[in-house]
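One structure below.
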Amino acid sequence: MAARDRLETLLPRYEAFLDEVADLDRALAARGAGTPWQPALDAGGRMHPEVWEARRDVQRRAAAAGLYAPHMPREVGGLGLTRVECMRVEELVYRRAGLGLGLCTLAWTEGPSPNLVHLGAEGRERFLRPLMRGETTCAFANTEPAAGSDVLSMSTRAERDGDDWVISGRKAWITNAHFCDVAQVVAVTEPGAGSRSLTMFMVDAGSEGFRRGPDAPTMMDDGLTGELVLDGVRVPDAHRIGEVGQGLQLALTWINWRRMCRGGMCAGWGAWLRDRAVDRARTRRSGGRPIGELQAVQHMLADIDADVYAARALSLEAQGELDALGPHAVPLHPDAIRLVSLIALVNDEAFFRVADRAVQIHGASGLGRGTPEEKLFRVARNLRIPAGTVEIQRNAIARTLLR
């Protein structure tokens with residue numbers, strides 16, 4: 001089926017599903033547990049369990065409807081969409097769901113990721129299939145207290161012991177650390193081997209020696225970020241992802257997937273903020289007339305529109321080129337590295353400007369804690385660091401141009 005025909009069939013299914021789960025937002029708000037974008041937190045700083053369970057409910061429903069993992073290959077139960085098609089779906093979901101539970105329609109960092117197709121038969125059955133069905137959630141355990149962008153400086157070690165590996169180390173700033181059923185853990189298996197020094201494993205959170213550390217409060221204020229401690233955790237070799245020494249490439253497969261998703265996320269949320277800003281400019285009055293008649297406000301609206309349009313256009317073009325190169329190939333084509341970094345850099349910078357101007361147009365109400373503008377301003381600032389800082393993206397682009 002041609003991409004256009006496939007999207008014409010698929011997008012209305014997503015729209016209908018988003019309309020269906022919109023009622024769940026209202027039900028959640030009535031329970032006093034907070035909202036999906038501003039959840040109440042428990043005594044340990046973690047997301048309120050009712051908000052977490054509401055998110056999980058949507059994920060399971062989406063999986064049952066065949067909508068949860070459009071980015072995954074058909075061979076493992078996904079929709080097998082191209083990156084261009086995925087971006088169109090992501091854009092629709094983020095624009096229509098805003099900050100509601102509908103965002104959980106799509107697998108995010110806690111769901112199945114493209115690197116998991118490199119699991120063996122046993123690993124696919126035990127870990128990937130439950131993730132595809134929305135029955136379990138995952139955490140990507142790569143970052144450490146002293147190792148962020150410099151991933152080769154990590155200290156977590158995995159040592160071979162017969163048919164098992166014994167993993168010890170501490171991971172920090174891990175999304176879904178508090179709730180994950182399994183974790184993708186990157187560890188050093190051959191110290192000093194450079195890019196071949198790392199290997200990736202799937203680790204059951206119920207394993208002996210696996211502990212959840214304290215919450216790590218961030219500006220996201222969502223109670224999802226924390227530490228994971230592995231103290232002599234024994235993992236069967238059958239739960240290894242890919243080959244020994246392939247950990248860096250597979251970690252980058254996960255990271256690049258999240259970078260590519262910036263295109264749809266920022267296009268959808270950017271358009272939503274633009275629409276809200278236009279409505280505010282039409283209805284908010286100052287000096288007896290709508291503020292939209294003020295040239296300063298008009299210029300901000302024009303700049304928002306330009307940033308949304310330009311970033312979206314670049315993303316669609318780059319995703320199309322990535323589809324031709326193989327967006328999740330291991331190893332990744334050198335030209336694809338530049339394209340992925342362009343998507344991340346341009347969207348992260350443009351969306352920050354969009355969110356900043358949206359707050360400005362809303363004035364004092366845009367500063368209100370938990371309002372869409374205030375929350376997305378924090379999200380926009382946050383996006384410029386995870387999955388590789390904007391400086392790292394610039395480095396990658398420059399290296400490919402100079403090679």
Are the side chains of [X] and [Y] in touch, meaning some heavy atoms are under 4.5 Å apart?
{"X": "Val233", "Y": "Val203", "result": "yes"}
{"X": "Glu373", "Y": "Leu273", "result": "yes"}
{"X": "Val58", "Y": "Thr105", "result": "yes"}
{"X": "Cys261", "Y": "His71", "result": "no"}
{"X": "Pro290", "Y": "Thr283", "result": "no"}
{"X": "Arg83", "Y": "Glu90", "result": "yes"}
{"X": "Tyr14", "Y": "Leu7", "result": "no"}
{"X": "Val76", "Y": "Arg124", "result": "yes"}

Greater than 12 external heavy atoms within 6.0 Å of [X]'s [atom1]:
{"X": "Asp23", "atom1": "CG", "value": "yes"}
{"X": "Gln295", "atom1": "CD", "value": "no"}
{"X": "Glu159", "atom1": "CD", "value": "no"}
{"X": "Glu15", "atom1": "CD", "value": "yes"}
{"X": "Arg282", "atom1": "CZ", "value": "no"}
{"X": "Gln360", "atom1": "CD", "value": "no"}
{"X": "Arg357", "atom1": "CZ", "value": "yes"}
{"X": "Arg284", "atom1": "CZ", "value": "no"}

Keeping the roles fixed (side chain from [X], backbone from [Y]), state whether a donor-acceptor pair exists under 3.5 Å.
{"X": "Trp269", "Y": "Gly98", "result": "yes"}
{"X": "Lys171", "Y": "Val186", "result": "yes"}
{"X": "Arg160", "Y": "Gly162", "result": "yes"}
{"X": "Arg240", "Y": "Gly120", "result": "no"}
{"X": "Ser207", "Y": "Phe210", "result": "no"}
{"X": "Glu227", "Y": "Arg212", "result": "no"}
{"X": "Arg234", "Y": "Gly232", "result": "no"}
{"X": "Asp323", "Y": "Val84", "result": "yes"}
{"X": "Arg338", "Y": "Thr400", "result": "no"}
{"X": "Thr371", "Y": "Leu367", "result": "no"}

For the [atom1] atom of [X] and the [atom2] atom of [Y], what is their distance to the nearest 0.5 Å?
{"X": "Gln246", "Y": "Thr189", "atom1": "CD", "atom2": "OG1", "answer": "11.0 Å"}
{"X": "Glu317", "Y": "Leu342", "atom1": "CD", "atom2": "CG", "answer": "11.0 Å"}
{"X": "Arg378", "Y": "Trp37", "atom1": "CZ", "atom2": "CH2", "answer": "12.0 Å"}
{"X": "Leu99", "Y": "Tyr94", "atom1": "CG", "atom2": "OH", "answer": "10.0 Å"}
{"X": "Asp222", "Y": "Leu41", "atom1": "CG", "atom2": "CG", "answer": "8.5 Å"}
{"X": "Leu250", "Y": "Thr199", "atom1": "CG", "atom2": "OG1", "answer": "9.0 Å"}

Residues [X], [Y]: salt bridge by 4.0 Å N-O rule:
{"X": "Glu135", "Y": "Arg60", "answer": "no"}
{"X": "Arg55", "Y": "Glu50", "answer": "no"}
{"X": "Glu190", "Y": "Arg157", "answer": "no"}
{"X": "Asp348", "Y": "Arg262", "answer": "yes"}
{"X": "Asp335", "Y": "Arg403", "answer": "yes"}

Taking atom types as modelled and ignoring hydrogens, do the side chains of [X] and [Y] form a donor-acceptor contact shorter than 3.5 angstrom?
{"X": "Glu110", "Y": "Thr137", "value": "no"}
{"X": "Thr82", "Y": "Glu85", "value": "yes"}
{"X": "Asp215", "Y": "His178", "value": "yes"}
{"X": "Thr156", "Y": "Glu144", "value": "yes"}
{"X": "Asn115", "Y": "Gln184", "value": "yes"}
{"X": "Arg56", "Y": "Gln59", "value": "yes"}
{"X": "Asn347", "Y": "Ser315", "value": "yes"}

Non-hydrogen atoms of [X] and [Y] that approach each other most closely:
{"X": "Asp25", "Y": "Leu101", "value": "OD1-N, 2.9 Å"}
{"X": "Gln393", "Y": "Ala387", "value": "NE2-O, 3.4 Å"}
{"X": "Ala158", "Y": "Ile167", "value": "CB-CG1, 3.8 Å"}
{"X": "Gly263", "Y": "Gln319", "value": "CA-NE2, 4.5 Å"}
{"X": "Ala350", "Y": "Ala311", "value": "CB-CB, 4.1 Å"}
{"X": "Val297", "Y": "Ala281", "value": "CG1-CB, 4.0 Å"}

- Message: Under the criterion side-chain contact (heavy atoms from CB on, under 4.5 Å), I'd like the reasoning laid out for Leu301 against Gln298: C-alpha separation, chi angles, the key distance, then a yes or no.
- Response: CA-CA 5 Å; Leu301 290 173; Gln298 292 174 359; 5.5 Å; no
* To do: Any chance you could lay out the side-chain contact (heavy atoms from CB on, under 4.5 Å) test for Arg96 and Asp19, step after step, and finish with the verdict?
  => CA-CA 9 Å; Arg96 287 181 66 102; Asp19 288 342; 2.9 Å; yes
_Checking Trp173 against Thr225 for the side-chain contact (heavy atoms from CB on, under 4.5 Å) test, could you report, in this order, the C-alpha distance in whole Å, the side-chain angles of both residues, the deciding distance, and whether it holds?_
CA-CA 6 Å; Trp173 308 108; Thr225 306; 4.2 Å; yes
Taking the ring of Trp257 and the ring of His328, is the distance between their centroids below 6.0 Å?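 Between His328 and Trp257, the centre distance exceeds or equals 6.0 Å.
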- Would you call the rings of Phe179 and Trp52 parallel, tilted or perpendicular, where under 30° means parallel and over 60° means perpendicular?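 Rings of Phe179 and Trp52: parallel, as their planes differ by under 30°.
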Q: Take Leu67 and Leu10 through the side-chain contact (heavy atoms from CB on, under 4.5 Å) test and state the conclusion after the steps.
A: CA-CA 9 Å; Leu67 302 174; Leu10 191 57; 4.2 Å; yes
Is the charged tip of Arg384 near the ring of Phe352: under 6.0 Å from the six-membered ring centre and within 45° of its axis?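 That pair qualifies as a cation-pi contact.
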Notebook entry, point to check: Between Arg274 and Trp272, is NZ or CZ placed under 6.0 angstrom from the six-membered ring centre and within 45° of the ring axis?
Noted result: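 Checked: cation-pi criterion not met.
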